[in-house]
Amino acid sequence: MKNKLLHEVGKILEDLRVKKPLVHHLTNYVTVNDCANVTLAVGASPIMADDIDEVESIASISSALVINIGTLNKRTIASMITAGKKANEINIPVVFDPVGAGASELRNKTTETLLKDVKMSVIRGNMSEIRFVAGLAASTKGVDASESDIENSIEERRSIAEHVARKFGCIAAITGATDIVSDGERTLYLQNGTKLLSSVTGTGCMTTSLIASFCGASHNYLLSAAAGILSMSIAGELAKENSAAKGTGSFHIAIIDEISKINDEVIEKRGNIYEV
Amino acid sequence: MKNKLLHEVGKILEDLRVKKPLVHHLTNYVTVNDCANVTLAVGASPIMADDIDEVESIASISSALVINIGTLNKRTIASMITAGKKANEINIPVVFDPVGAGASELRNKTTETLLKDVKMSVIRGNMSEIRFVAGLAASTKGVDASESDIENSIEERRSIAEHVARKFGCIAAITGATDIVSDGERTLYLQNGTKLLSSVTGTGCMTTSLIASFCGASHNYLLSAAAGILSMSIAGELAKENSAAKGTGSFHIAIIDEISKINDEVIEKRGNIYEV
Amino acid sequence: MKNKLLHEVGKILEDLRVKKPLVHHLTNYVTVNDCANVTLAVGASPIMADDIDEVESIASISSALVINIGTLNKRTIASMITAGKKANEINIPVVFDPVGAGASELRNKTTETLLKDVKMSVIRGNMSEIRFVAGLAASTKGVDASESDIENSIEERRSIAEHVARKFGCIAAITGATDIVSDGERTLYLQNGTKLLSSVTGTGCMTTSLIASFCGASHNYLLSAAAGILSMSIAGELAKENSAAKGTGSFHIAIIDEISKINDEVIEKRGNIYEV
């Protein structure tokens, strides 16, 4: 399966660069600049707009919507719900990043409300966040997955991804050492990346923005989710090889460099993805 | 005219670095860090403050005000109006960046309100945004100019810039392949820069911050607007030559590097500006 | 005293990297990404959360709290007070950065309220900000110390630091050419760093985040404050040596690089700290 999947991912990337989809973000103020720059780097176009009086207009001109609750507040939560409903109505994909779900009641309730009111196309999170989404006990360490959750066996993680995908009729993407992407029927394992990606804030958020960029260019959301994760993981590997010795500041910049240079050849050469 | 104009721009830059004007920003949370760093890089001093209870105090100690509606919301719109009126009252220049004007009713109405309530010294935008300001049909692609608007002939664009400048009694600056700066009487064409500047988010916002930095140091707002645009364009060219091969992350950092190193010699050597 | 102090600082750094404390930030949107990345670079884990409905939950899972008023507004001021009280209740250190205190009534009143309602473990500011905290006349230049305040003699500054430390029962840290850290009894002078640190926005904020990271790993807040300042100052020196010639964008990235590589050896070799 490997070459065929990578070939398809490469094709979606080329499509994305032709279509340049506009990706509407309701996201956090910590990593927003990186989300915008990584969206540009992969070939899409970002727009950040979160006032409730304009999120419907902006969603209407966009090809995909990101909802990221990293620094949620009551004003932006209301905007997220409104934007998500509009995206559903006009049939553009919604990619949800439940940052820190499990870490506070506000994040938990907001996650539940969003999942009830908005049909998500893709939910991407770390193991702790996706455990919360699945209705399982989750122990987060703030916005990072907890050690105990990371230790779930790969079979457990697969079964959680499949459960979430079926429960919400969406693609579930759990990022970690082995990334798992499932639509409830088909499940993909992705094995690129480097632990060093966790030394830079927002590599998860950026992955979500990349997934949304791909979803804005292709109706195959399973492969779009895989493409977004692969792009970040491969960029991380290349950035590590070229820049990690300089430190985490340079590694951060190199991630964006590599995303801007990635193409189908790099993906086919380095990608490690298989269906199980 | 060329050498004289560049010589004057170089002189304003040297003045700016002596005066170190404080530039008050009400701006968006996507590119705010770059706006602050580029303000420092050119030699001015940034302060970001947007609570309605302090914008008047902060404006009062500042030499210029930036109003950028990139991620406007009802709270900050009220603060923008209050800050703008205070700036008018105390006679410091206001530089307005109508980010995404034309893309939503909220942006349109806010732009209209700000133009009605606040006397702007400089309005800088892309072709779609300035078309909206001019009262013409504008088709934006989110926060970027649309393809059709970019195709306006240079004569059309010049006439729109002159119209906006006369209508609002300000400097109108349209940035694009050829930048146009007009006070309604005198019109300058600037031909530096690189398409690559659009691969980094916020190069427009940064240009606005640079313009405000120059306006805070010189009462010649026509030349200050030209100086801000030239600084960004020339920095973009140099950053492209030195760093673009590495990718857009490195190119982004190199833009700020080049702004911090720019001087009158570089401007006189590379600048391409003429009066028409 | 020198070697013993540096040795202790080096030990706290090694502790920090084992404990990986979670550092809750209520901070500004200008420098928040750098604050998060520098927290990761030194070995701690950042979480930014500012909705009043979750700040208590987030504080409860954290090891330290940063309150930074750089872009305060009425919503976040209320959250800061609530978070600070909770941190006091559960006995985690609060590190306060009164950005721009003295520059507006809103900043002044907020600083006073926070100092009344929340017991701070460390207050870090520039000379103008700490003068305001001390109840002395302060003349700020926006968020930077004014020239006149910088000219306070080192003895004056020491006496102000001691006064603030005693008045609020905390560590007072004044950063500048010579940094002063005092608990009211013991006072340390630190003489690393470079003027170039002021050419990048947020190096003060980042220093505050570093102090909080150290405080989250050690109950010796005097040394933790010194450790945070030393880390930034030494990183600044190394970044200057390696990258300053490229410009301030590269210098900015190099600061984070150096923080991520700093260790007890570098601190013992380059640190310049003495007790007076």
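Every chain is numbered from 1 and lettered A, B, ... according to where its sequence line falls, protein lines coming before strand lines.
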Problem set entry | Toward chain A: residues of residues 243-253 of chain B with heavy atoms under 4.5 Å | B:A245, B:K246, B:G247, B:T248, B:G249, B:S250, B:H252, B:I253
For this session: Identify which of A:I256, A:N242, A:T31, A:L40 forms the greatest number of heavy-atom pairs closer than 4.5 Å to chain B.
Result: A:L40
For this session: Report the option among A:D34, A:V32, A:T27, A:T39 that has the most heavy-atom pairs separated by less than 4.5 Å from atoms of chain B.
Result: A:V32
Seminar exercise, completed: Under 4.5 Å to a heavy atom of chain A? For B:L72 that would be both
For this session: Tell me, for B:T76 versus chain A, whether the close heavy atoms (under 4.5 Å) come from the side chain, the backbone, both or neither.
Result: neither
Problem set entry | A:D15: side-chain contact (heavy atoms from CB on, under 4.5 Å) partners, not counting sequence neighbours | none
For this session: For B:K85, check side-chain contact (heavy atoms from CB on, under 4.5 Å) against everything at least two apart and list the hits.
Result: B:I81, B:D117
Please list every donor-acceptor pair under 3.5 Å in which a side-chain atom of residues 47-55 of chain B meets a protein atom from a residue at least two apart or in another chain.
| from | atom 1 | to | atom 2 | distance (Å) |
| --- | --- | --- | --- | --- |
| B:D50 | OD1 | B:R75 | NH1 | 3.1 |
| B:D50 | OD1 | B:R75 | NH2 | 3.3 |
| B:D50 | OD2 | C:Y29 | OH | 2.7 |
| B:D51 | OD1 | B:D53 | N | 2.9 |
| B:D51 | OD1 | C:K74 | NZ | 2.7 |
| B:D51 | OD2 | C:K74 | N | 3.1 |
| B:D51 | OD2 | C:K74 | NZ | 3.4 |
| B:D53 | OD2 | C:K74 | NZ | 3.1 |
| B:E54 | OE1 | C:S104 | OG | 2.6 |
| B:E54 | OE1 | C:R107 | NE | 2.7 |
| B:E54 | OE2 | C:R107 | NE | 3.4 |
| B:E54 | OE2 | C:R107 | NH2 | 2.8 |

Problem set entry | Neighbour count above 12 (heavy atom, 6.0 Å) for B:K261 NZ | yes
Exercise. Do B:T201 and A:N33 come within less than 4.5 Å of each other through their side chains, counting heavy atoms only?
Worked result: yes
